[in-house]
Every structure is written in structure tokens, then in C-alpha cells.
Amino acid sequence: MAKVLMKGNEAIGEAAIRAGCLNYFAYPITPQSEVAEYLVRRMPEVGGVFLQGESEVAVGYMLFGAAGAGARVFTTSSSPGISLMSEAISYICGAQCPAVFVNIMRGGPGLGGILPSQGDYFQATKGIGHGDCRLLVMAPASVQEAVEMVMMAFPLAEKYRNPVMVLGDGLIGQMMEPVAFPDHLKTEPSNKDAWSSNGMDHRGSQTRNLVRSLFLDPTVLNDNNLALKAKYDRMRAEEVRSEAYNIDGDYQCLIVSYGTMSRVCRTAIDMLKAEGIEVGMIRPQTLFPFPEEAVGEAASKASCKHVVSIEMSMGQMVEDVALSVLGRVPVSWYGKCGGEIPTPEEIIGVVKARIAGKE
Amino acid sequence: MALELKLSGIVFLVGAYGSGKTEVAINLAVYMNAKDVPVRVADLDLVNPYFRTREARHVLGQLGIDLVLPPAQYMQADLPILTPAVSGMLRQPTGLTLLDVGGDDVGATVLAALADAVKGQSVEVFQVINPHRPYTETIAGCLQIKAAIEAKAKMPITGIVGNANLMEDTTAEHLLAGHDFALQVAEAAQVPLAFITAPMGLLTQLDKRDMQCPILPLRRQLVPPWKQPETFGPAV
């Protein structure tokens with residue numbers, strides 16, 4: 001298919017349709033409302049459904065209900081809206097149902113602001129819901145990658161019977177880039193017979209699938225959590241993704257950065273290279289599981305004296321970076337939030353200071 | 001050679017969401033300003049949270065182009081703020097008064113509120129089209145959004161602006177095909193093709209063929225933070 005010029009939010013909506021998802025429930029919030037605006041028009045064209053819930057709390061449970069009934073389903077929101085959905089996300093994890101959540105992050109805490117942020121890193125990777133609940137989290141750095149990740153999210157959610165989150169900052173949703181989609185709609189059947197509450201006739205089974213997250217027997221609850229842990233361990237083994245940039249040279253400083261922030265870092269790295277200063281970068285594409293090995297290995301290079309995590313937050317991913325580097329070299333953080341995005345020039349200043357041994 | 005771009009009076013830029021109105025508005029303001037036409041611009045985008053004319057306020061200010069914006073404390077709010085200064089500038093237009101309107105019929109609703117201010121004056125309402133955007137890749141699609149905008153704006157569209165582009169992936173072929181497409185839309189809509197746009201870097205490749213309309217050279221201003229806006233050089 002020829003390329004089209006799309007806003008990230010529009011492209012995310014189209015990507016879900018191409019992944020065979022015809023059920024979209026959402027509640028508008030800046031800076032992701034264009035997903036709903038696009039799909040309110042597009043879903044009826046492909047026989048799909050867009051239903052606006054009365055709140056994000058309702059939307060979370062609409063996803064739970066649809067997923068429990070075996071439907072491929074997704075929603076999009078932005079930071080405060082995801083907080084409201086987080087209870088349902090924990091229930092969906094506990095009940096082992098698949099669903100896809102897209103968070104186009106804005107500034108926080110609270111209502112924060114409407115400009116780009118990466119302040120929901122902790123929430124997405126560690127604290128999305130109560131209990132031993134985790135999401136597989138992917139972070140796109142371009143509109144094209146957002147499309148690819150949304151399309152990957154549905155089969156991954158079904159593979160693990162677990163919610164998957166695509167975590168983009170506000171820029172991913174709002175910026176326009178040329179983007180290509182696969183020609184055909186993806187229509188692979190899901191493995192819903194394993195969990196779906198309906199379809200007994202079709203699967204010729206006498207055993208009911210129970211969709212539940214309540215397990216009053218402590219042994220059964222422990223077993224359910226062991227099953228969840230086994231899935232999270234399998235994600236760590238099979239789903240880690242990252243991209244390396246400029247790591248062939250003898251860099252003294254390694255940047256770890258994700259999302260659109262990494263593109264600013266890439267520009268800074270190119271500018272530093274022109275000055276004769278080598279800086280490498282690891283860009284995590286999955287945030288959970290975190291690319292510990294890739295970061296650890298890149299930090300272990302003999303020339304590398306410092307690792308800096310550059311984020312549009314007050315220092316969240318830096319904790320995972322430090323856990324990956326394991327004290328081999330100093331790790332520090334640089335970032336801004338509230339919608340101000342560090343410029344290439346600022347990053348150059350930070351990198352030079354770190355190389356000179358200043359924090 | 002393409003025709004010379006001449007514009008004065010009040011010009012509203014409308015169009016489908018994401019058709020490139022703001023990039024066109026900024027470049028058109030700078031282009032006409034360089035031709036010694038006094039230019040005033042108003043950011044009437046009440047629907048878009050990012051990438052608005054206000055992002056270019058500094059570059060426009062340096063060139064002496066007056067930009068009417070919502071009050072500074074509300075600049076980053078996603079609230080539909082229509083400052084009274086807009087109707088003021090419409091009642092006393094000088095040179096070129098350019099209004100960058102929000103996308104789709106929703107964004108154009110604001111025009112109906114300005115009908116009194118423009119009564120009895122020379123007003124152009126240009127529809128910006130980009131065939132590489134969803135829903136405006138066909139003539140029917142462009143006419144559909146035209147009708148929807150006219151219904152909400154309560155003003156007729158008086159010209160088409162061809163803004164065929166895929167941003168950095170744009171080629172001369174896209175521009176030539178885009179020119180033909182814009183001409184067809186203008187004919188179907190029974191309005192003139194006001195002008196087309198072309199990135200500065202591709203301008204020389206366009207001289208090979210006679211264009212049936214003026215060309216506005218584009219230097220991209222609305223860029224993400226890892227790119228530099230193109231600098232405005234001397235007029236072409």
C-alpha cells in the first residue's frame with residue numbers, strides 16, 4: 001500500500017483494525033482524542049464498533065467484558081484516564097484475558113498538563129494495578145513503529161492471555177509522519193477457546209471457562225499467581241526488544257532513552273559525532289520486559305565511563321538502567337517534564353559534563 | 001513559469017484535519033510579508049492541542065508579522081478560546097489578514113461567529129487539500145468535507161489550495177500529481193485553484209512543466225524537537 005500521511009493517533013486506530021480488532025471502547029482525553037475521532041468514522045466502514053463509555057472506569061470494564069467473551073478489544077487513553085482504568089487492568093490480568101491498552105502520555109501528576117511526557121513509566125512497568133499484575137509494555141519512537149507495535153500487541157496479548165500496553169508520549173499521538181500499512185486485514189483466529197466464557201457449542205466442550213479474578217482458596221490463588229509469574233518470566237525470556245545506535249565506536253558515554261525522547265538523543269549523538277565525540281545509545285522498545293542485557297553489555301564496554309538515562313520524567317527508567325548496569329559504571333539521570341522536551345543542544349551539554357566527570 | 005501569487009484582504013484557511021493549514025498559513029504570511037504586503041495572522045485553531053500557528057510566534061515576530069493569539073496564560077490550554085482581538089482585526093483589515101482555522105467542520109464552526117465582523121468585505125475562504133491524507137484522497141472526499149465545512153462556517157469556500165505532500169518523503173511526482181488533483185477538485189467544486197505548495201528543495205524540479213496556478217514555496221516550520229525548522233531566506 002502507498003504511504004499515507006497520518007497523525008500517530010489516527011495511525012494507531014487504523015493499526016488496530018488491520019490487526020483484526022473491531023471493538024474499540026474509549027473516553028476522550030487530550031492528547032489522544034484523535035484515535036476516537038478517527039475510529040468513530042472508520043469502525044462502521046469495516047463492520048466494527050466504537051462505543052464511548054461514560055468514564056474510563058467504565059471503559060476498563062467494557063474491555064474486561066469483551067475480552068472475557070473472546071472479542072479482540074482495545075482502548076486508548078492518556079495518563080489520568082489510564083489511572084482510572086487501572087483497577088480493571090488488574091482484574092483482566094488476574095482473569096488472564098487479553099486486551100490492548102494504548103497510553104498517549106501527558107504531564108502529571110494529577111491532571112498535569114496536555115503536553116508530551118513520559119511520566120507514566122513506573123505506572124506502566126511496575127504499578128499498573130494491585131496484586132502481582134504486570135503488563136507487557138512497548139514504547140514506539142515513530143508513527144510507523146506505533147503502527148507495528150499496535151499490530152503486534154494483539155497477538156502478544158492472546159499469546160500470554162494478558163493485557164499489553166503501547167506506551168507513547170504525547171508527541172507520538174500528535175505528530176504526523178508518512179506511514180505504510182499492510183495491504184490485508186489480519187484475520188488470524190484467536191486462541192479464545194482457552195478462556196472465552198462463550199462458544200461451548202462451537203468448541204464441543206462440556207467444560208465451562210470461568211472468567212474471574214476472585215480465588216478465595218489460598219492455594220488456588222497462589223497457583224494462579226505462580227501461573228502469572230511464569231508468564232512474566234516467559235515475557236522476559238522471549239519478548240525483550242531494543243535498538244542500539246552508534247555503539248560500534250569507543251564511546252565514553254552511553255545514553256539510554258526511549259520513545260520520541262530517543263530521537264532527540266539521536267540528533268544529539270549525530271551532532272557530537274561531527275565534533276569527534278562518540279556516544280552510544282540503547283533504546284528500549286519494550287519497557288517491560290526491560291532490555292537489561294543490552295544495556296548491561298553496552299555499559300560494560302571498556303571505553304564506557306558513564307551511563308545516562310534521558311527521559312521526559314523526573315527519573316523513572318533510570319532505576320531499571322541502574323539495575324541493568326549493576327554498578328559497573330556510574331549511572332545518572334537527565335530529563336524534563338511538563339511538556340518541555342530537552343533539546344539536542346541540552347543533551348550535548350549533559351553528555352559533555354558527564355564525560356568530564358560532572359553530574 | 002508559474003503565475004505570481006497575489007493575495008490581499010481577508011483570507012480564511014480551512015480544510016480537513018491535518019491537511020496542512022498551519023504550515024501553509026505561516027509560509028504564506030512570510031511570503032507575502034517579503035513582498036511588502038502588511039500581514040496579520042490569527043491562530044483560530046480551537047481544536048488542535050499541538051503544532052499550532054502559535055508554535056511559530058517567534059519566527060513570525062522576528063519578521064515583523066503580527067500574530068493574534070489567545071492570552072499567554074491560556075496558550076497551552078485545550079480550551080476553545082476566541083479572543084476579541086480577532087473580530088477587531090477583521091473589522092479593520094490591512095494588507096493581508098490571514099486566519100488559520102482549525103480542522104474539519106468542527107474547526108470551521110468558529111467562522112459562523114465572525115460573520116458580522118466580515119460583512120461587506122472582500123473575503124476568501126480557501127480549502128487546503130492533501131490527497132495523501134485519509135478521507136481526502138478522492139475528489140468526492142474533498143467535496144464532502146467542503147460541504148461539511150461550508151454548512152458549519154456559514155461561508156462558501158472560494159478557492160482550493162493544493163498541499164499534496166508526504167512531509168520529508170515528498171517527491172516532484174507527488175507535487176505534479178497533486179497539482180492535477182487540486183485542479184480537478186477546483187473544477188468539480190467550481191472555484192479557482194488559488195495556489196499549490198512545494199517544498200523549497202523541489203521547486204526547481206517543477207519548472208519543467210507549466211503550472212496553471214501560482215506556487216507557494218514551503219519551508220517547514222512545524223517540526224518535532226529533533227529537527228530544525230527551515231530558515232526563511234530571501235523571497236523567491
Side-chain angles (χ1 to χ4, degrees), chain A residues 2-11 13-14 28-34 37-38 41-42 45 78 106-107 113-116 141-143 170-181 260-271 312 336 338-347, chain B residues 15-23 45-52 54-55 73-80 102-107 128-138 141 144-145 148 163-171 173-174 177-178 220 222-229:
Chain A
K3 279 188 176 180
V4 284
L5 189 57
M6 286 182 107
K7 261 201 175 200
N9 283 334
E10 299 167 335
E14 184 64 31
I29 180 170
T30 306
Q32 67 76 50
S33 298
E34 293 85 0
E37 286 187 36
Y38 182 78
R41 183 170 186 178
R42 185 78 175 109
E45 292 176 357
S78 182
R106 57 188 259 174
I114 63 166
L115 294 176
S142 68
V143 175
L171 261 183
I172 282 288
Q174 291 295 323
M175 64 195 259
M176 287 175 76
E177 286 188 315
V179 62
F181 292 93
T260 61
M261 191 65 248
S262 72
R263 291 177 76 172
V264 186
C265 293
R266 197 181 257 255
T267 299
I269 290 169
D270 292 346
M271 290 162 76
M312 281 187 258
K336 278 184 171 176
E340 283 202 68
I341 302 170
T343 62
E345 291 75 17
E346 271 178 87
I347 292 166
Chain B
Y17 194 69
S19 54
K21 297 171 292 298
T22 300
E23 197 70 78
D45 194 337
L46 308 187
V47 294
N48 218 17
Y50 299 5
F51 297 113
R52 298 171 288 194
R54 57 199 73 171
E55 263 68 62
Q73 68 265 39
Y74 304 123
M75 201 92 91
Q76 302 299 345
D78 52 347
L79 297 170
D104 285 350
D105 47 335
V106 180
V128 180
I129 58 169
N130 180 0
H132 300 288
R133 288 276 301 148
Y135 295 111
T136 52
E137 66 273 69
T138 63
Q144 197 184 340
I145 190 70
N163 186 42
N165 79 91
L166 274 171
M167 287 191 167
E168 53 272 30
D169 288 5
T170 312
T171 63
E173 288 70 38
H174 290 132
R220 215 176 139 204
L222 300 170
V223 292
W226 53 90
K227 286 185 181 160
Q228 284 288 326

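As a basis for the values below, the full set of heavy atoms in this structure was taken, side chains included, without hydrogen atoms, waters or symmetry mates. Chain A is the first sequence line, chain B the second, and so forth, proteins listed ahead of strands; every chain is numbered from 1.
In this structure B/Pro225 satisfies the side chain to side chain contact (heavy atoms under 4.5 Å, CB included) test together with A/Leu171, A/Val264, A/Ile341, sequence neighbours excluded. Every residue two or more places apart in sequence or in another chain was checked for a side chain to side chain donor-acceptor pair (under 3.5 Å) with A/Ser78, and none qualifies.
Here the straight-line distance linking atom CH2 of B/Trp226 with atom CE of A/Met271 works out to 15.0 Å at 0.5 Å rounding. Here CG of A/Leu5 is found 12.0 Å from CD of B/Glu137. Values are rounded to the nearest 0.5 Å. Interatomic distance, B/His132 NE2 to A/Lys3 NZ, rounded to the nearest 0.5 Å: 12.0 Å.
Between chain B and the residues A/Arg41, A/Glu10, A/Met261, the largest count of heavy-atom pairs under 4.5 Å involves A/Arg41. Most heavy-atom pairs under 4.5 Å with chain B: of the set A/Pro116, A/Pro342, A/Gly173, A/Ala268, this distinction falls to A/Pro116. Counting heavy-atom pairs closer than 4.5 Å to chain B, the top-ranked of the candidates A/Gly170, A/Gly113, A/Gly339 is A/Gly170.
With a 4.5 Å cut-off on non-hydrogen atoms, A/Arg266 does not touch chain B at all. Of the atoms belonging to A/Glu340, not a single heavy atom falls under 4.5 Å from chain B. Interface remark: B/Asp104 contributes no atoms to any contact with chain A (heavy atom separation under 4.5 Å). Both the backbone and the side chain of A/Thr260 have a heavy atom closer than 4.5 Å to some heavy atom of chain B.
Around atom CD of B/Gln144, no more than 12 heavy atoms belonging to other residues, nucleotides or ligands sit under 6.0 Å away. For A/Glu45, the CD atom is densely surrounded, since the number of other residues' heavy atoms within 6.0 Å is greater than 12.
At a cut-off of 3.5 Å, with distance as the only test, a side-chain donor of B/Tyr17 or A/Glu34 sits close to an acceptor on the other residue.
A pairwise comparison of heavy atoms in A/Met176 and B/Arg133 identifies CE-CD, 3.3 Å as the closest pair.
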